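By convention here, the first residue in the shown sequence is residue 1. Computed from a predicted structure; not experimentally measured.
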Amino acid sequence: MTQFYRKAACNIVKQGHPSFDRQAESDQAAAGGFRPDPFAGQLRYGEPELIALDHQQSLKAEGYSVRLAGDRATRLHRGIVANPEAERLALVTLDNGNRFAVNFDEFDLTTGYCSGSMIREAIIIDVRNLRARIARMIEDAAAVVGEPDDGE
């Protein structure tokens, strides 16, 4: 799987969110937004991380706070990593405050309970479409190669 350093990841996500750059990514991470765990001191973004970052930006564009959008993006990221083949994920919040992501196709919402606690909310996310969106963004970002010249 291809991984991108932070600058390249910001350029990819910028294809869907024109005002996004490294400063915005840094500011959002400081305010509780999504950021991947560093690997060897570097931030690396693969498909799951790009999906989470794009999802966070989409939620922010809809008016969500950075902290709330970051929390949901982080849950989505954990769900994608734990269920790499899932086409849909359910981001579940239980009445007792527990929050997690599960493969929607393997989760039964009909009872209204999970692990003995009432389900307060379950948000269904179509990961298949998010993967396609990220693939388009990577393709669009790859159409321009290199760093901009000074003054551009």
request  = Measure the shortest side-chain to side-chain distance between I12 and L53 over non-hydrogen atoms and say whether it is less than 4.5 angstrom.
outcome  = no
request  = Please report the closest heavy-atom contact between A24 and D21, naming both atoms and the distance.
outcome  = N-OD1, 2.8 Å
query = Do S115 side-chain atoms and S117 backbone N/O form a donor-acceptor pair below 3.5 Å?
reply = no
query = Between E62, H17, Q28, which is the residue that forms a side chain to side chain donor-acceptor pair (under 3.5 Å) with Q57?
reply = Q28
query = Hey, is the main chain of P38 close enough, under 3.5 Å, to the side chain of Q42 for a donor-acceptor pair?
reply = no
query = Should we count CZ of R22 as having more than 12 external heavy atoms under 6.0 Å?
reply = no
Heavy-atom closest pair, residues A69 and L59 = CB-CB, 3.7 Å
request  = Check A73 against A52 and note the closest heavy-atom contact, atom names and distance.
outcome  = CB-O, 3.3 Å
inquiry  = Could you go through R99 and D71, starting from their C-alpha distance and side-chain angles, then the distance that decides it, and tell me whether this counts as side-chain contact (heavy atoms from CB on, under 4.5 Å)?
reply    = CA-CA 10 Å; R99 295 173 168 221; D71 176 65; 2.8 Å; yes
message = Ignoring hydrogens, what is the shortest heavy-atom contact between L91 and R72? Give both atom names and the distance.
response = CD1-CG, 3.3 Å
Nearest-0.5 Å distance that lies between atom CG in D126 and atom CG in L89 = 9.5 Å
ask   = More than 12 heavy atoms of other residues, nucleotides or ligands under 6.0 Å from CG of D108: is that the case?
value = yes
message = Nearest 0.5 Å, please: how far is CG in N98 from CD1 in I119?
response = 12.0 Å
task = Measure the acute angle between the ring planes of F107 and F100, then classify it against the limits of 30° and 60° as parallel, tilted or perpendicular.
result = perpendicular
ask   = Is there side-chain contact between R44 and F4, with heavy atoms separated by less than 4.5 Å?
value = no
ask   = Donor-acceptor pair, E49 side chain versus G46 backbone, under 3.5 Å?
value = yes
note = Here the pair of heavy atoms bringing G70 nearest to Q56 is CA-OE1, 3.2 Å
message = Taking the side chain as everything from C-beta on, heavy atoms only, tell me whether R35 gets closer than 4.5 Å to R6.
response = yes
task = Any chance you could lay out the side-chain contact (heavy atoms from CB on, under 4.5 Å) test for F104 and L109, step after step, and finish with the verdict?
result = CA-CA 9 Å; F104 178 74; L109 288 171; 3.8 Å; yes
Smallest separation among heavy atoms of E25 and Y45, with atom names = OE2-OH, 2.9 Å
Give every donor-acceptor pair under 3.5 Å between a side-chain atom in residues 78-88 and any protein atom, sequence neighbours left out.
from	atom 1	to	atom 2	distance (Å)
N83	ND2	G79	O	3.1
E87	OE1	R128	NH1	3.3
R88	NH2	D105	OD1	2.7

ask   = Are L50 and I138 close enough that some pair of their side-chain heavy atoms sits under 4.5 Å apart?
value = yes
ask   = Hey, does R133 have a side-chain heavy atom less than 4.5 Å from the side chain of S58?
value = yes
query = Same cluster or not: are Y5 and V13 linked, directly or through other Ile, Leu, Val, Met, Phe, Trp or Tyr residues, by side-chain heavy atoms under 4.5 angstrom apart?
reply = no
